[in-house]
Amino acid sequence: MSSLAGRRIVLGVTGGIAAYKAIEVCRRLVDAGAHVVPVLTSGATRFVGAVTFSALASEPVKTSLWDDADPIPHTRLGQEADLVLVAPATARLIGSYAAGISSDLLTATLLATRAPVVICPAMHTEMWEHPAVQDNLALLRRRGVIVVEPAVGRLAGGDQGAGRLADPEVIVAAAERALGPRDLEGVTVLVTAGGTREPIDAVRVITNRSSGKQGYALAAEAAARGATVTLISTVNRTPPPGVVVVPVSTTAEMEEAVVGRATDVDVVVMAAAVADFRPKAPADRKLKKDEGVPELVLEPTHDFLVDLGRTKRPGQIIVGFAAETDDVIEGARRKLAAKHLDLIVANDVSAPGAGFEHDTNAVTLLGADGFVQDVPLIDKREVARVILDAVVARRNRSTA
Ligand code: CTP
């Protein structure tokens with residue numbers, strides 16, 4: 001059965017010529033068993049008839065904040081939705097949503113919802129490629145919004161290029177993926193994210209380039225799949241909905257936060273880039289230039305993932321990351337065995353578009369059971385999805 005069946009979907013339609021394709025999206029969602037509530041902007045009603053959507057959908061079309069008997073339709077629509085899907089999404093809608101401006105019923109609904117959001121941009125190539133639009137989309141992606149990339153093809157007015165609304169079946173498949181599966185319901189997951197910071201003195205630190213994006217994507221994906229998620233993080237990013245964030249800075253702080261919780265959780269994913277060395281005697285004041293260049297004496301930090309692997313209880317799944325630049329697979333395989341992990345994510349951080357700071361990643365997943373899966377360069381949220389699929393497969397096996 002489709003993950004759309006029985007789910008309440010707000011279908012937002014904005015004012016672009018591609019609005020006519022939203023009719024087909026609406027029909028397909030209804031056919032898959034979804035309860036569809038169409039919300040049209042005033043621009044959309046210039047391109048398509050509200051009656052068409054009302055006839056196809058489960059509820060009459062809503063077009064305004066003001067003409068509803070319900071005094072607070074925007075919060076109600078957002079709160080009750082299992083998914084908000086916007087197709088097509090114009091540059092204006094994307095800009096308003098990114099900026100948090102609720103100028104109409106659809107943008108108000110988007111701000112009032114905690115449900116997953118899928119937006120499907122459609123516009124002329126020049127607008128699609130404009131940095132304002134791309135920056136707004138990058139911001140929305142960072143907040144967990146799923147963006148269905150437009151296709152390349154014929155545009156209104158006979159132009160050719162990127163910006164054509166994705167096909168209805170691609171949009172419906174994205175909605176299906178965004179809603180399901182809830183295969184981590186009742187599972188507790190602990191994720192670490194970011195690079196640790198080891199003080200040299202009161203103002204200076206030794207750190208690394210980890211942005212925490214992959215860890216946040218893992219936490220968001222696990223929460224979306226129903227897990228109870230704690231994220232131990234060194235970076236200050238927007239917390240994914242429903243995730244408890246525990247801020248830490250040094251390796252020792254991260255160790256304390258993780259080890260204190262690890263025995264009680266079902267899954268640990270150590271995505272953080274943890275320092276291997278730290279200054280042995282950090283100064284508790286700022287070292288001054290005229291005192292001369294300080295001799296930095298380093299000492300090793302404690303590798304607590306080794307402890308987690310050694311003390312892991314039956315059925316618990318421990319996932320490590322291996323950030324490598326040479327002999328990526330061999331290095332990861334060595335760590336998988338030495339740290340007694342169930343899975344390791346081999347991450348070639350020197351590959352273009354992958355690893356530290358990027359929104360995308362390319363990895364190879366290795367399992368203690370001989371499992372190998374190459375994950376080509378894709379969005380970090382998609383990488384998170386593949387990693388958690390492998391976790392779920394192992395949990396199902398151990399409880400079978
Ligand atoms: N890790 C940890 N504690 C440390 C160092 C690393 O828990 N003090 C964890 C990381 O979070 C990661 C895994 O161990 O999940 C591998 O980290 P990585 O830095 O790739 O490997 P190291 O074992 O530190 O080896 P090297 O740096 O020599 O590659």
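All ligand and atom numbering here is 1-based and tracks the order in the structure.
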Visitor: Among Arg278, His302, Glu198, find the residue that satisfies the side-chain hydrogen bond (donor to acceptor under 3.5 Å, both in side chains) test when tested with Thr251.
Guide: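 Single pass found, and it is Glu198.
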Visitor: Ala322 heavy atoms, cut-off 4.0 Å: which ligand 1 atoms fall inside?
Guide: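 Near Ala322, the atoms of ligand 1 are 20 (O).
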Visitor: Can Thr196 and Thr207 be said to form a side-chain contact (heavy atoms from CB on, under 4.5 Å), step by step?
Guide: CA-CA 6 Å; Thr196 53; Thr207 189; over 6 Å; no
Visitor: Considering heavy atoms of the protein only, find what lies nearest to atom 10 (C) of ligand 1 and give residue, atom and distance to 0.1 Å.
Guide: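 Heavy-atom neighbour on the protein nearest atom 10 (C) of ligand 1: Ala272 O, 3.6 Å.
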Visitor: What atoms of ligand 1 come closer than 4.0 angstrom to any heavy atom of Gly320?
Guide: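 Near Gly320, meaning under 4.0 Å from one of its heavy atoms, ligand 1 has 15 (O).
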Visitor: Taking the basic N atoms (NZ, or NE/NH1/NH2) and the acidic carboxylate oxygens, is any pair closer than 4.0 Å for Glu330 and Arg334?
Guide: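 Between Arg334 and Glu330 there is no salt bridge, as every charged N stays at least 4.0 Å from the carboxylate O atoms.
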Visitor: Starting from Val306, walk the hydrophobic network (Ile, Leu, Val, Met, Phe, Trp, Tyr; side-chain heavy atoms closer than 4.5 Å) and list everyone else you reach, by chain and number.
Guide: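 Hydrophobic cluster check, Val306: no partners found.
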Visitor: What's the spacing between Ile318 CD1 and Leu190 CG if we round to 0.5 Å?
Guide: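 One finds 9.5 Å between CD1 of Ile318 and CG of Leu190.
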Visitor: Of Met270, Lys339, Lys335, which has the heavy atom at the shortest distance from atom 25 (O) of ligand 1?
Guide: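 Heavy atom nearest to atom 25 (O) of ligand 1 belongs to Lys335.
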Visitor: Less than 4.0 Å between a side-chain N and a carboxylate O, is that true for Asp159 and Arg154?
Guide: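 So Arg154 does not pair with Asp159 through a salt bridge.
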Visitor: Between the side chains of Asp104 and Arg92, is the shortest nitrogen-to-carboxylate-oxygen separation below 4.0 Å, so that they form an ion pair?
Guide: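 Asp104 and Arg92: salt-bridged.
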Visitor: Got the closest protein heavy atom to atom 9 (C) of ligand 1, with its distance?
Guide: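 Going by distance alone, atom 9 (C) of ligand 1 is nearest to Leu305 CD2, 3.6 Å.
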Visitor: Using non-hydrogen atoms of the residue, decide whether Ala273 is closer than 4.0 angstrom to ligand 1.
Guide: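 No heavy atom of Ala273 comes that close to ligand 1.
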Visitor: Below 3.5 angstrom, do we get any N/O pair linking Val274 and ligand 1?
Guide: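 Min N/O separation from ligand 1 is not below 3.5 Å for Val274.
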Visitor: Tell me, which protein residue and heavy-atom name are nearest atom 24 (O) of ligand 1, and how many Å apart are they?
Guide: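 Of the protein heavy atoms, Asp276 OD1, 2.8 Å lies nearest.
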Visitor: Considering the heavy atoms of Ala323, write down every atom of ligand 1 situated less than 4.0 Å from one of them.
Guide: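 Atoms satisfying the 4.0 Å criterion: 20 (O).
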Visitor: Are Thr230 and Arg261 side-chain neighbours, meaning at least one heavy-atom pair lies under 4.5 Å?
Guide: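 Yes, side chains in contact.
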Visitor: Of all the atoms in ligand 1, which lie at a distance below 4.0 Å from a heavy atom belonging to Thr301?
Guide: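 Listed by number with element, the hits are 8 (N).
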Visitor: Hey, is Asp303 touching ligand 1 through its side chain, its backbone, both or neither, going by heavy atoms under 4.0 Å?
Guide: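 Looking at Asp303 and ligand 1, atoms from backbone and side chain both fall under 4.0 Å.
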Visitor: In terms of residue, atom name and distance, what is the protein heavy atom nearest to atom 17 (O) of ligand 1?
Guide: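 I find the closest protein heavy atom is Phe321 O, 3.6 Å.
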Visitor: Go through ligand 1 atom by atom and flag the ones less than 4.0 Å from a non-hydrogen atom of His302.
Guide: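 Checking each atom against His302, I get 3 (N), 4 (C), 8 (N).
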Visitor: So does Arg381 pair up with Asp359, basic N to acidic O under 4.0 Å?
Guide: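 A salt bridge is absent here (no side-chain N lies under 4.0 Å from a carboxylate O).
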Visitor: Which ligand 1 atoms does Ala275 reach within 4.0 Å, using its non-hydrogen atoms?
Guide: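 Ligand 1 atoms under the 4.0 Å threshold to Ala275: 8 (N).
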